[in-house]
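Everything quoted here is computed from the prediction, not taken from an experiment.
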Amino acid sequence: YLLSGQASDGGVVWFKQNYFLVFYMARLGPPLHQLFMVDSLLCSVAMTSDRVFALGKPFVYKNINHSRHQTIAVLSCFLISAFSVIGQFWRKEIVREGDLYDFRENEIFIKTQFGQAVGYGRTVIRVIAMMLLVVLSVAMVSLLRKRINNIGRLGNQADKKQLGKKLIKH
């Protein structure tokens with residue numbers, strides 16, 4: 001990013017003379033960056049929901065096919081994040097200025113309904129995922145406290161602290 005000159009005035013000449021590098025920075029860099037950001041957020045939601053399910057229904061959780069559920073979760077997270085960044089490929093345009101290449105915002109694409117819809121859609125997906133992550137985290141903490149309290153009722157106070165520490169470690 002620094003070599004392209006987008007962060008400051010100018011940029012490195014050898015970088016701007018190579019069309020492939022400028023193409024990568026304009027067309028592939030931003031979508032991949034957004035893809036991995038959204039995908040990591042969605043995978044965090046999937047892992048947290050898995051933990052909530054394990055705490056809420058431990059006997060059902062023990063008997064399910066974990067590899068199938070994890071495969072479905074990872075594929076759905078990746079597909080949702082891929083669809084959310086599809087418009088990023090056309091957001092930048094490459095222009096030639098003499099023997100140097102540069103890229104800038106593609107104003108025509110940004111003003112189209114598709115460009116705006118993709119931008120709003122990505123934002124909505126991020127907001128919903130962050131809200132889900134907060135709600136699931138609160139649910140996980142409350143279920144964990146409930147389980148610790150249930151364990152404490154079965155044994156004495158010393159056993160409760162010991163079992164609580166073991167439960168938190170696992």
Side-chain angles (χ1 to χ4, degrees), residues 1-2 4 6-7 23-93 103-107 109-155 159-170:
Y1 187 73
L2 293 173
S4 68
Q6 294 295 314
F23 179 83
Y24 175 80
M25 284 299 300
R27 295 287 168 94
L28 299 178
L32 288 175
H33 178 255
Q34 297 292 329
L35 176 93
F36 292 132
M37 280 180 39
V38 174
D39 193 40
S40 65
L41 180 62
L42 292 175
C43 283
S44 297
V45 170
M47 287 188 299
T48 306
S49 64
D50 183 61
R51 294 290 89 207
V52 168
F53 181 57
L55 287 170
K57 305 272 186 181
F59 296 114
V60 175
Y61 182 79
K62 183 179 177 183
N63 295 324
I64 64 172
N65 185 354
H66 293 283
S67 62
R68 182 175 150 248
H69 281 258
Q70 291 166 354
T71 303
I72 290 170
V74 168
L75 287 176
S76 61
C77 289
F78 184 78
L79 288 175
I80 291 170
S81 57
F83 284 124
S84 73
V85 300
I86 195 105
Q88 287 287 327
F89 290 106
W90 300 283
R91 189 172 175 88
K92 305 276 186 188
E93 66 180 341
F103 59 92
R104 61 179 178 235
E105 294 289 327
N106 187 350
E107 297 296 329
F109 175 75
I110 292 172
K111 291 178 182 177
T112 62
Q113 288 181 346
F114 178 71
Q116 291 176 352
V118 168
Y120 292 138
R122 187 179 62 247
T123 304
V124 166
I125 288 172
R126 283 184 183 169
V127 168
I128 289 172
M130 284 187 265
M131 289 175 19
L132 271 172
L133 193 58
V134 169
V135 168
L136 289 171
S137 296
V138 169
M140 185 171 58
V141 169
S142 67
L143 284 171
L144 184 62
R145 286 185 179 175
K146 184 179 174 183
R147 285 192 60 110
I148 289 172
N149 288 338
N150 287 342
I151 290 171
R153 287 187 205 133
L154 297 175
D159 290 339
K160 179 181 175 182
K161 289 181 182 177
Q162 190 109 5
L163 288 172
K165 288 179 183 177
K166 287 182 182 178
L167 189 59
I168 290 173
K169 286 182 183 178
H170 296 290

Can you find a heavy atom in the side chain of F109 that is under 4.5 Å from one in the side chain of V118? no
Identify the two heavy atoms, one from V60 and one from I64, that lie closest to each other, and give their separation to 0.1 Å. O-CG2, 3.1 Å
A side-chain contact here means heavy atoms from C-beta on lying under 4.5 Å apart; do L42 and F78 qualify? no
Check each of T48, V52, V45 against S137 using the side-chain contact (heavy atoms from CB on, under 4.5 Å) test, and report the only one that passes. T48
To the nearest 0.5 Å, what is the distance between CD (E105) and NZ (K92)? 3.5 Å
Find the distance between CZ (F83) and CG (L35) and round it off to the nearest 0.5 Å. 11.5 Å
Return the minimal non-hydrogen interatomic distance between C77 and A46, and the atom names on each side. SG-CB, 4.1 Å
Starting at CZ of F103, measure out to CZ of F23 and round the result to the nearest 0.5 Å. 12.0 Å
Result for side-chain contact (heavy atoms from CB on, under 4.5 Å) between I80 and one of V38, I125, D39 points to I125
Nearest heavy-atom neighbours spanning I86 and F114: CG2-CZ, 4.2 Å
Around atom NE2 of H69, are there more than 12 heavy atoms of other residues, nucleotides or ligands at under 6.0 Å? yes
What closest approach, in Å, do S84 and R122 show between heavy atoms, and which atom pair accounts for it? O-CB, 3.5 Å
Are any of the side-chain heavy atoms of Y61 and L55 separated by less than 4.5 Å? no
What pair of heavy atoms forms the shortest contact from A73 to S76, and how long is it? O-OG, 3.0 Å
When rounded to the nearest 0.5 angstrom, what is the spacing between CZ in R91 and CZ in R27? 13.0 Å
Output the distance between atom CZ (R126) and atom CG (L41), rounded to the nearest 0.5 Å. 8.5 Å
Counting C-beta onward and ignoring hydrogens, is there a side-chain heavy-atom pair between M140 and L136 closer than 4.5 Å? no
Would you give the length of the straight line joining atom OG1 of T123 to atom CD1 of I128, rounded to the nearest 0.5 angstrom? 11.0 Å
